[in-house]
Amino acid sequence: MKVVYVLHCTTGASGATKSFRNMLDGLIANGIEPLVVLPDGDDFCKTLQNEGIRTLILNYRPATYPPLRNLKEVALFIPKLIARIFVNNVAARKLCKEAKDFEADFIHTNVSVINIGMKAARRLGIPHVTHIREYGDKDFNMHVFPSKSIYFKNFSAEKSYTICITKDISKYYNLDNHINSRIIYNGILHASDVIIDPQKEDYFLFAGRLEESKGITNLIEAYGKLYCERKDAFPLLVAGEPVKKEYGDMLHEMAASLGIADKVKFLGNRDDIFKLMSKASALIVPSRSEAFGRVTTEAMFAGCLVIGKDIAGTKEQFDNGLELTGNEIGLRYSDSAQLARLMCEVMDNGPEFYLPMIKKAQETVTSLYTIEQNTAHVYEFYKDIKNEI
């Protein structure tokens, strides 16, 4: 089969890009011939080109309204919206021609907020697969054009297929009972990648982009509460870069105002994150509405205890583990006060206390979230689509 893949960015550190990379490798091994479409020639595009994977660079934007964060953006809102529509229409026409020349069997768009693949597939009369990896509005504050209800109808159109990365995402998009939709969890690592290092070190870890949707301010607030009660609190290591420098400055100022500037260590991006997870007393996932929660699964593969906000994708992972093993696979919390109490309990109980929970978590992730399983499920879906044509 020949498949055109449309990506939303070339940032290799993006969770959607990482999941795509894992999926693509497995599909190529199954005989899929890919053409990968990207919005620029940076980072991940260069990686693909160096590996001999065919790429196509087009100019396109998300099918969403421009942001309204300040007066300048308000003044430019209408011109930017018109420009987005125009640019995306041009990109869709170019993609249509390239996909036809490529003799694509169908087009697979890697996120839900890019619509050029959908438009090109419709013009060619071939199937289109939308990989829905995000809520859009709840997690990234992105609002699709012209409205959510109209945009969602595209996912139920003729020759339209969807892959939802969680049951909650499927329900959110009203696809939980749709015949052309599948729930396929992300493939994070190989089953053989699990490790457990029982010799933990005295620190808590946050890993991810530093932005409001990831709940980092709530975490710092909770750590401040913990430090007020326990001056011996384990340090909090923060691995990741802020989406904007101003946001990073605000986080430093927040830590200073709470008197914890010397206890919260901002590490920036790290290439040893798996090792940091394996040695941490716990990874904390405070995201306000995590679609899947890749970092949660990675930590479980690394043998790390997870303290996670009991909402969206994090909750679903915890619920899956409870259903599969009959036991909780992480520590759930609902507010900053409860998070502070859980961090206190982790310090008092010690790492051995949580080893049974960590092992149940690893039983869960190796059953549900391996690269092998993800690839197999996607490939089977492709064959079903092919058989319907």
Within 45 degrees of the axis of the six-membered ring of Tyr227 and under 6.0 Å from its centre: does Lys231 put its NZ or CZ there? yes
Sidechain N-carboxylate O distance under 4.0 Å for Asp197, Lys275: no
Could you check whether Glu229 pairs with Lys225 (Lys NZ or Arg NE/NH1/NH2 to Asp/Glu carboxylate O, under 4.0 Å)? no
Please tell me whether His108 and Tyr5 form a close aromatic pair, meaning their ring centres lie under 6.0 Å apart. yes
So, do Tyr203 and Phe234 have ring centers that fall under 6.0 Å from each other? no
With sequence neighbours excluded, give me every side chain to side chain donor-acceptor pair (under 3.5 Å) pair touching residues 339-348. Arg230-Asp348
Answer yes if the ring centres of Tyr151 and Phe145 are under 6.0 angstrom apart, and no otherwise. no
Do the charged groups of Glu388 and Lys383 touch, with an N to O distance under 4.0 Å? no
Taking 4.0 angstrom as the limit, do Asp176 and Lys167 come out as a salt bridge? no
Less than 6.0 Å separating the ring centroids of Phe292 and Tyr369? yes
Closer than 4.0 angstrom, basic N to acidic O: yes or no for Glu211 and Arg209? yes
Arg84 and Pro62 have their tightest heavy-atom pair at NH1-O, 3.7 Å
For residues 262-269, please give each side-chain donor-acceptor pair under 3.5 Å, one per line with the distance, not counting sequence neighbours.
{"unit_1": "Lys263", "atom_1": "NZ", "unit_2": "Ala233", "atom_2": "O", "d": "2.7"}
{"unit_1": "Lys265", "atom_1": "NZ", "unit_2": "Asp262", "atom_2": "O", "d": "2.7"}
{"unit_1": "Asn269", "atom_1": "OD1", "unit_2": "Glu241", "atom_2": "N", "d": "3.4"}

Phe20 and Ser14, any side-chain heavy atoms less than 4.5 Å apart: no
Any side-chain heavy-atom pair from Leu48 and Leu24 closer than 4.5 angstrom? yes
Would you check, one step at a time, whether the test ring pair (Phe, Tyr, Trp, His ring centres under 6.0 Å) holds for Phe106 with Tyr382? CA-CA 9 Å; Phe106 47 89; Tyr382 281 4; 4.9 Å; yes
Taking the six-membered ring for Trp, are Tyr223 and Phe204 ring centroids under 6.0 Å apart? no
Note: Ile284 and Phe206 closest approach over all heavy atoms is O-CD1, 3.9 Å
Which atom pair, heavy atoms only, marks the closest approach of Leu331 to Leu342? CB-CD1, 4.1 Å
